[in-house]
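Input: a single structure, listed below in structure tokens.
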Amino acid sequence: MSKSDGKSARIATPQAIRGTQDIFGAEAEAFAFVVETFERVRKLYRFRPAQMPVFEKTAVFSRSLGETTDVVSKEMYSFDDRGGESLTLRPEFTAGIARAYLTNGWQQYAPVKIATHGPLFRYERPQKGRYRQFHQLDAEIIGAGEPLADVELLCMADQLLGELGIKDGVTLMLNTLGDGASREAWRAALIEYFEAHRPDLSEDSQERLRKNPLRILDSKDSRDHAFLGEAPRIDDFLSGEAQDFFGAVTGGLDAAGVAWTRAPALVRGLDYYRHTAFEFVTDRLGAQGTVLGGGRYDGLIETLGGAPTPAVGWAAGIERLAMLVGGEVARDPLQVVIAVEDDDSIGVAQRGLSALRRADLSSELVASGSPRKRFDKALKMQPRLVISASDQSLARRLLVGGNDDPTLVDRVESALMDVE
RNA sequence: GCGAUCGUAGCUCAGUUGGUUAGAGCGCCGGUUUGUGGUACCGGAGGUCGUGGGUUCAAGACCCAUCGAUCGCCCCA
């Protein structure tokens with residue numbers, strides 16, 4: 001076969017799907033750090049681990065999120081399976097957890113604190129910190145109607161951000177949407193108010209007026225800003241109970257030493273939210289400012305056919321948290337490298353490598369390339385200790401670094417005791 | 001779904017108003033040197049210039065389309 005034939009037979013490498021990511025290197029270290037930190041904090045707050053399927057019957061999401069929301073109407077990955085049933089890759093955690101709570105009888109554990117994390121899917125235009133397959137941390141308390149639950153969740157979120165070392169520049173924006181009656185009265189007043197100014201609103205907000213009037217409040221269009229100051233405020237529609245509830249939440253946060261800022265225009269995109277709504281926001285991620293968000297969703301379980309059940313929860317984008325953590329995450333240090341400086345010593349090197357790893361010492365072997373360059377190659381890997389394998393022994397050792405853990409040498413010696 | 005910017009070795013980038021065989025640094029591989037806190041020198045491999053059309057005697061460069069990335073809008077974590 002000629003050379004040109006070989007070229008024409010070349011196989012094209014399939015591309016990754018738009019909006020998906022291959023995470024490696026520093027990004028992967030940061031990602032893992034976020035998940036590990038979440039797991040640790042999760043245990044401190046005694047949230048129970050749970051795993052839900054990545055796909056559900058489409059109704060799980062369409063019913064709970066509302067048919068008209070953008071998420072349901074144009075952002076879901078839905079498909080028919082071989083049996084003709086419409087399934088959907090989960091665009092969020094909450095609906096699936098609520099479904100699992102009902103179908104598995106988790107009521108018996110109520111109030112139950114659940115934490116999970118994993119991939120979510122939304123068909124959106126990708127940009128910084130926003131992907132079609134993205135990953136979230138999630139914490140929920142189901143079956144608890146007390147403001148104490150809201151406070152616990154917020155404390156947990158605050159501590160998580162603290163332990164990730166990213167609290168600088170991140171603020172907790174807090175609001176209440178009131179109970180169902182408060183929320184509806186406020187919503188009606190907002191519609192009436194904005195309807196009167198309809199012709200002067202931006203095109204987007206005219207559309208919002210029809211689909212999601214609360215969202216006009218955080219419009220970025222300057223044409224809308226003139227009307228926001230005079231707009232009806234939720235505080236004027238709160239029932240006594242709703243006021244007390246919010247007061248208990250803010251009081252609890254103050255007692256716990258969690259800083260917060262009242263954000264009267266903060267609303268939730270999804271209809272099932274009541275009472276507490278919150279977002280931890282930053283100005284360091286461009287348009288994707290929300291780093292963690294959630295609230296109380298007392299109405300959700302009913303929309304899935306369950307008994308009225310109070311619940312609160314939050315979710316946080318792992319990619320966004322990882323970006324804030326940035327390059328501050330170091331890889332786990334490499335403890336030992338064995339440089340095989342002549343090929344006759346490969347056997348003793350392999351025996352030594354196994355012994356080191358069984359002794360819980362992270363180790364690598366350098367046995368390829370020019371033998372004379374292997375020691376330099378080992379040094380370049382920045383281990384704590386380099387062992388030279390030559391003349392069929394592991395005799396020569398070099399500690400790398402000034403402030404070494406003296407026990408490392410002892411551990412290596414005892415691990416290698418039977419090798420030579 | 002809308003608008004804008006950008007796609008050249010593994011990575012970061014250069015490539016003049018279109019003009020021979022597309023370059024550099026880093027990284028990788030090999031040789032020599034050094035003989036151990038990351039040496040120095042020499043050599044080598046590696047590119048359908050995102051992809052497909054078009055204009056032209058001639059396209060990495062210009063035009064169109066497409067795919068992807070980035071930054072906004074929308075939406076949302």
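Basis for what follows: all heavy atoms, side chains included, without hydrogens, waters or symmetry-related copies. Only a predicted model underlies this, so the values are computations on that prediction, with no experimental measurement involved.
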Span that lies between the P atom of B:A9 and that of B:G50, in whole angstrom: 7 Å
Atom CG of A:Asp168 with >12 non-hydrogen neighbours under 6.0 angstrom: no
Distance-only donor-acceptor check, side chains A:Glu140 and A:Tyr101, under 3.5 Å: no
Touch class at under 4.0 angstrom, heavy-atom based, for A:Asp376 against every strand present: base
Sidechain-backbone polar pair: A:Thr276 side chain, A:Gly295 backbone, donor-acceptor under 3.5 Å: no
Length of the CZ-P vector between A:Arg125 and B:G72, whole Å: 13 Å
base_contact_polar (B:C75 base, A:Arg130 side chain, donor-acceptor, <3.5 Å): yes
Interatomic distance where OH belongs to A:Tyr123 and C1' belongs to B:C76 [whole Å]: 17 Å
Pairwise C1' distance for B:C75 and B:U17, with rounding to whole Å: 46 Å
Atom C1', compared across B:G27 and B:A65: separation rounded to whole Å: 37 Å
Check: A:Ser414 side chain, A:Arg411 main-chain N or O, donor-acceptor pair, under 3.5 Å: yes
Distance between P atoms of B:C28 and B:U34 (Å, rounded): 22 Å
Flag for A:Glu279-A:Thr290: side-chain donor and acceptor within less than 3.5 Å: yes
Nearest-nucleotide pick for A:Lys380, side chain only, options being B:G68, B:A4, B:C28: B:C28
A:Glu192 atom CD: more than 12 heavy-atom contacts under 6.0 Å: no
Nearest-nucleotide pick for A:Glu75, side chain only, options being B:A77, B:C75, B:G31: B:C75
Nearest-nucleotide comparison on RNA chain B, the residue closer to the 5′ end among A:Gln382 and A:Glu319: A:Gln382
Of the listed nucleotides B:C28, B:C74, B:A77, the one nearest the side chain of A:Glu124: B:A77
Whole angstrom value for the distance that separates P of B:G10 from CG of A:Asp22: 16 Å
Sugar-phosphate only, base, or nothing, as touched by A:Glu341 at under 4.0 Å among non-hydrogen atoms: base
Euclidean distance, atom CZ of residue A:Arg320 to atom P of B:C76 [Å, nearest integer]: 12 Å
Touch class at under 4.0 angstrom, heavy-atom based, for A:Lys74 against every strand present: nothing
Whole-Å gap separating C1' (B:C74) and CZ (A:Arg223): 13 Å
Shortest non-hydrogen contact from A:Val60 toward A:Leu304: O-CD2, 3.8 Å
Integer angstrom distance from the C1' of B:C64 to that of B:U70: 23 Å
Contact under 4.0 Å: A:Arg18 side-chain N or O vs B:A69 OP1/OP2: yes
Heavy atoms of other groups near A:Arg48 CZ, more than 12 under 6.0 Å: no
Nearest-nucleotide comparison on RNA chain B, the residue closer to the 5′ end among A:Val386 and A:Arg208: A:Val386
Whole angstrom value for the distance that separates P of B:C73 from CG of A:Asn212: 17 Å
Sugar-phosphate only, base, or nothing, as touched by A:Gly19 at under 4.0 Å among non-hydrogen atoms: sugar-phosphate
Detail all sub-3.5 Å separations between protein N/O atoms and N/O atoms belonging to nucleotides 5-8 of chain B.
none

Out of B:C2, B:C73, B:G30, whichever nucleotide has its closest atom nearest the side chain of A:Gln127: B:C73
A:Phe93 CZ - B:C76 P separation (whole Å): 19 Å
Per-nucleotide pairing state of RNA chain B [Watson-Crick or G-U, under 3.5 Å; [ ] pseudoknot-crossing; | other strand]: (((((((..((((.....[...)))).(((((.......))))).....(((((..]....))))))))))))....
Centroid separation A:His117 to A:Phe93 less than 6.0 Å: no
Under 3.5 Å donor-acceptor, A:Asp221 side chain and A:Arg223 backbone: yes
A:Glu319 and A:Gln21 side chains, donor-acceptor separation under 3.5 Å: yes
Side-chain N or O of A:Lys220 closer than 4.0 Å to phosphate OP1/OP2 of B:C76: no
Whole-angstrom distance between B:G35 and B:A45, as gauged at atom P: 31 Å
Listed nucleotide nearest any side-chain atom of A:Phe375, set B:U36, B:C76, B:G3: B:U36
Separation of the P atoms in B:A58 and B:C67, to the nearest angstrom: 29 Å
Span that lies between the P atom of B:G60 and that of B:U48, in whole angstrom: 13 Å
Nearest-nucleotide pick for A:Arg372, side chain only, options being B:G3, B:C74, B:G35: B:G35
All salt bridge (charged side-chain N to carboxylate O under 4.0 Å, His left out) counterparts of A:Arg40, not counting sequence neighbours: A:Glu163
Euclidean distance, atom CZ of residue A:Phe121 to atom P of B:A77 [Å, nearest integer]: 17 Å
Of the listed nucleotides B:A69, B:C2, B:C76, the one nearest the side chain of A:Arg122: B:C76
